[in-house]
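Only one structure is covered here, and it is reproduced in the block below.
What you see is a predicted model, and the numbers here were worked out from it, not measured in a lab. Heads up: numbering here begins at 1 and tracks the sequence.
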Amino acid sequence: QVQLVESGGGLVQAGGSLRLSCTASERTSGTYSMAWFRQAPGKEREFVAAITWGGSRSYYADSVKGRFTISRDNGKNTVYLQMNSLKPEDTAVYYCAADIRPSTYYSGSSYHYWGQGTQVTVSS
């Protein structure tokens, strides 16, 4: 059972930056692909970014391409989401997810393990 703990959320002004972290309770390198999803109030959960187990490939939602970067430090069992040029529409609870073989990187149903989420609020 992999446990995921997110951190790094907070309140930031539009145009600012935040870096989210997600630390796993066990070794995820070489095994688990990792992803970030988000859910805004009154909206469905949506895909943000994903990274393969080796870190060689990453995937992004069109809405965050060029602004967000996903990366992983396998030695620390941690995946990061660097968020730049933040917009008020990025406001949401951000969740980290993991799975050995997600059938579809973009779909939340592909991931078996989830963190509790961290709130990101972007003020205009």
How far does CG of Leu81 sit from OH of Tyr60, to the nearest 0.5 angstrom? 7.5 Å
So if you build clusters from Ile, Leu, Val, Met, Phe, Trp, Tyr with side-chain heavy-atom gaps below 4.5 Å, do Tyr32 and Phe37 land together? no
Gap separating the CG atom of Asp99 from the OG atom of Ser109, nearest 0.5 angstrom: 10.0 Å
List, one per line, each side-chain donor-acceptor pair under 3.5 Å for residues 14-21, sequence neighbours excluded.
unit_1 : atom_1 : unit_2 : atom_2 : d
Ser17  : OG     : Asn84  : OD1    : 2.9

For the backbone of Ser85 and the side chain of Arg67, can you confirm whether one donor and one acceptor N or O come within less than 3.5 Å of each other? yes
Does the separation of the ring centres of Tyr59 and Phe47 fall below 6.0 angstrom? no
Looking at Gly108 and Trp114, what are the two nearest heavy atoms and their distance? O-CZ2, 3.3 Å
For atom CD of Gln3, is the number of surrounding heavy atoms from other residues, nucleotides or ligands below 6.0 Å larger than 12? no
Quick one: does any side-chain atom of Ser110 pair with a main-chain N or O of Thr104 as donor and acceptor, under 3.5 Å? yes
Identify the heavy atoms of Val120 and Gly9 that sit nearest to each other, and give their distance. CG2-CA, 4.2 Å
Roughly how far apart are Arg38 CZ and Phe68 CZ, rounded to 0.5 Å? 5.5 Å
Set out, in order, the CA-CA distance, both residues' side-chain angles and the distance that settles side-chain contact (heavy atoms from CB on, under 4.5 Å) for Tyr94 and Thr118, then state yes or no. CA-CA 5 Å; Tyr94 284 70; Thr118 185; 4.3 Å; yes
Contacts of Thr91 that satisfy side-chain hydrogen bond (donor to acceptor under 3.5 Å, both in side chains) - sequence neighbours left out: none
For the side chain of Glu6 and the backbone of Gly117, is there at least one donor-acceptor N/O pair under 3.5 Å apart? yes
Nearest heavy-atom neighbours spanning Gln1 and Ser25: O-OG, 3.9 Å
Kindly check if the number of other-residue, nucleotide or ligand heavy atoms within 6.0 Å of CD (Gln116) is above 12? no
Is it possible for you to say whether Met83 and Val122 belong to one hydrophobic cluster, with membership spreading through side-chain heavy-atom contacts below 4.5 Å? yes
Would you please test Leu4 and Tyr95 for side-chain contact (heavy atoms from CB on, under 4.5 Å) and show each step? CA-CA 9 Å; Leu4 304 173; Tyr95 296 92; over 6 Å; no
Charged N to carboxylate O below 4.0 Å: is that the case for Lys87 and Asp90? no
Could you tell me whether the side chain of Ser56 and the main chain of Gly54 form a donor-acceptor pair under 3.5 Å? no
Rounding to 0.5 Å, atoms OH (Tyr111) and OG (Ser103) come to a distance of 8.5 Å
Looking at every heavy atom in both Met34 and Cys22, which two are closest together, and how far apart are they? CE-SG, 4.2 Å
State the CD1-OH distance between Ile100 and Tyr113, to the nearest 0.5 angstrom. 6.5 Å
Counting distance only, does the side-chain N/O of Arg72 pair as donor-acceptor with the main-chain N or O of Thr52 below 3.5 Å? yes
